[in-house]
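Here's the structure, in structure tokens; my notes come after.
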Protein chains: 2
Amino acid sequence: MPVPPPSAAADRCRTVTGKVLALLAAFGPDTPALTLSELARRAGLSVPTAHRRVSELVAWGALERGPDRRLRIGLRLWEVGSLAPRGLGLREAALPFLEDLYELTHENVQFAVRDGLEVVFVERIAGRHAVPVLTRVGGRFALHATGVGLALLAHAAPEVQEQVLAAPLPAYTSKTVTDPMVLRQMLADIRRDGYAVSDGQVTLDALSVAAPIFSADGTAIAAVSLVVRADGAQPAALALAIRGAARGIARALPTLRQPC
Amino acid sequence: MPVPPPSAAADRCRTVTGKVLALLAAFGPDTPALTLSELARRAGLSVPTAHRRVSELVAWGALERGPDRRLRIGLRLWEVGSLAPRGLGLREAALPFLEDLYELTHENVQFAVRDGLEVVFVERIAGRHAVPVLTRVGGRFALHATGVGLALLAHAAPEVQEQVLAAPLPAYTSKTVTDPMVLRQMLADIRRDGYAVSDGQVTLDALSVAAPIFSADGTAIAAVSLVVRADGAQPAALALAIRGAARGIARALPTLRQPC
DNA sequence: GCCGAGTTTTCATCTGGTGAAAGACAACGT
DNA sequence: ACGTTGTCTTTCACCAGATGAAAACTCGGC
């Protein structure tokens with residue numbers, strides 16, 4: 001079997017903390033359970049070293065051993081992670097509005113934040129009969145393809161936009177916009193209209209309409225979107241509901257930046 | 001203040017890994033943002049040591065610095081935590097059914113698993129007009145008080161039940177059952193009826209009806225509940241819907257087995 | 001019973017971690 | 001403006017915890 005990541009994290013592995021983090025980072029959506037040997041290899045550690053660190057992590061609850069002796073992320077780590085203000089904190093405020101959107105449309109409702117040059121999905125309500133989407137809670141995507149990503153990018157700092165536009169833009173489908181000039185115009189339109197549309201840029205049959213959520217200081221800290229079947233979709237009509245939800249969420253935001 | 005003999009938290013703090021975990025554990029629902037000094041004190045570390053470990057954690061994304069220089073749990077840690085099979089994995093399977101329950105009733109819908117002798121809430125859909133509840137996603141509660149806790153306890157291994165019954169049972173309200181004999185009878189009733197009722201045992205005005213979710217091998221791995229206003233509630237009627245949802249979730253479960 | 005992959009322990013070596021103390025910085029209160 | 005206070009960061013000499021190699025152990029499978 002091939003080893004997906006050769007050793008991109010070798011630089012950080014000199015310190016003990018780096019090794020612990022490498023162990024945690026070895027897990028992914030596609031590999032939620034690993035044997036000790038696999039884990040050691042992925043983290044770039046010797047087996048005995050991995051064994052020692054893993055023992056401590058298991059004792060604490062950061063990792064769990066299944067009946068098959070394989071290692072998984074533990075409930076305790078999930079618990080701590082759920083204290084992230086940009087994770088559950090935001091989600092908590094947004095959920096009622098996402099519920100409303102779902103109840104109204106029974107389509108996919110998505111909620112995401114920006115981290116670096118990627119969009120991270122914080123919540124996803126998947127309609128059982130709605131169009132299938134690739135996204136996953138906790139998953140990442142390029143900013144320029146998804147609806148939420150475009151909404152966040154359009155209202156991000158100019159430096160961020162330039163970085164994205166300067167880097168090569170990966171294409172997921174034939175309709176993914178990869179031309180920086182076209183993208184630049186799209187971002188301007190998004191700022192003018194107050195919402196973003198991604199038509200078939202992630203999967204050909206899906207269309208996403210997204211709106212940014214602004215915090216009190218005017219920065220776009222999150223975005224909400226509806227993903228519907230591409231044919232026959234009426235973006236402008238959906239945008240009304242989505243922008244309304246976005247405003248509602250903004251109003252319900254906990255004062256994250258309070259100085260105290 | 002004089003340097004006191006380090007309290008009970010010092011045993012795990014000898015190793016570097018223990019210190020890193022102590023830093024993470026210093027955060028809690030009531031203290032989601034800490035200064036470096038506070039963090040060091042809570043973790044039982046010297047300030048320079050905390051500073052070094054924290055720097056690495058921030059560089060990796062496990063922690064984040066706010067504009068106020070305070071430290072918070074980072075999005076990256078939330079991401080990794082969301083890979084926990086008993087966290088998001090379960091949630092993913094359950095959410096559509098929880099949605100249905102919510103749409104049907106617009107009351108509080110809760111979804112929880114057992115960890116040791118406590119119940120951990122994995123998902124909560126809070127109706128905006130429903131009765132307020134104390135629970136929080138990622139939060140813990142004693143097994144014997146909440147509806148989900150009772151459902152899980154009733155179908156847990158006998159050793160677990162004995163441990164809970166042997167320990168002192170904290171009371172949250174005047175209606176919290178704290179008599180082991182009464183509780184034992186309640187658990188038998190829950191097994192007979194297929195659902196649990198917690199009437200005012202957490203907050204006096206709330207009543208919770210819960211049903212366990214069984215995995216393929218017959219163990220109760222999670223529970224789902226509805227929390228409604230206590231007066232005028234019809235537990236038996238709600239139980240039908242909840243048991244139906246529980247069965248649906250069980251059917252949708254990914255084939256994963258509970259560790260331990 | 002033998003084998004092999006995966007896991008755990010041992011041991012001598014040494015590298016990365018440690019606290020104290022001092023320096024740098026920002027935010028008050030007078 | 002000035003000193004004060006609290007927090008954050010850096011320095012340095014010392015050492016405790018971490019390390020890999022190799023060996024011992026544990027399981028299933030044949």
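Note that these values count all heavy atoms, side chains included, but never hydrogens, waters or copies made by symmetry. All chains are named by letter (A, B, ...) in the order of the sequence lines, taking the proteins before the strands, and each is independently numbered beginning at 1.
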Do A:Leu90 and A:Leu253 have side chains that approach each other closer than 4.5 Å (heavy atoms only, starting at C-beta)? yes
Taking the six-membered ring where the residue is Trp, are the ring centres of A:Phe141 and A:Tyr172 under 6.0 Å apart? yes
What is the per-nucleotide protein-contact pattern of nucleotides 5-14 of chain D, from the 5' end, where B denotes a base atom under 4.0 Å from a protein heavy atom, S denotes such proximity for sugar-phosphate atoms only, and - denotes neither? --SSBBB---
Length of the line joining B:Lys19:NZ and D:dG17:C1', which is rounded to integer Å: 9 Å
cation_pi(B:Arg76, B:Trp60) dist<6.0 Å, angle<=45: yes
Rounded interatomic separation in angstrom, taking CD from A:Glu56 and C1' from C:dT8: 15 Å
If the cut-off is 4.0 Å, is A:Arg14 near the phosphate of C:dG16, judged by side-chain N/O to OP1 or OP2? yes
A cation-pi test, strictly: NZ or CZ of B:Arg42 under 6.0 Å from the centre of the six-membered ring of B:Phe27 and no more than 45 degrees from its axis. Yes or no? no
Can you tell whether the side chains of B:Arg184 and B:Glu162 come within less than 4.0 Å, N to carboxylate O? yes
Taking the six-membered ring of B:Phe214, is NZ or CZ of B:Arg247 closer than 6.0 Å to its centre and within 45° of its axis? no
Identify the pairs formed between an N or O of the protein and an N or O of nucleotides 25-29 of chain C at a distance under 3.5 Å, and give each distance.
none

Please set out all donor-acceptor pairs under 3.5 angstrom arising from side-chain atoms of residues 147-154 of chain A, sequence neighbours excluded.
none

Spell out, as yes or no, whether a donor-acceptor pair under 3.5 Å connects the side chain of B:Glu123 to the backbone of B:Ala112. no
Counting the atoms with a prime plus P, OP1 and OP2 as sugar-phosphate, which does A:Arg70 contact under 4.0 Å by heavy atoms, base, sugar-phosphate, or nothing? nothing
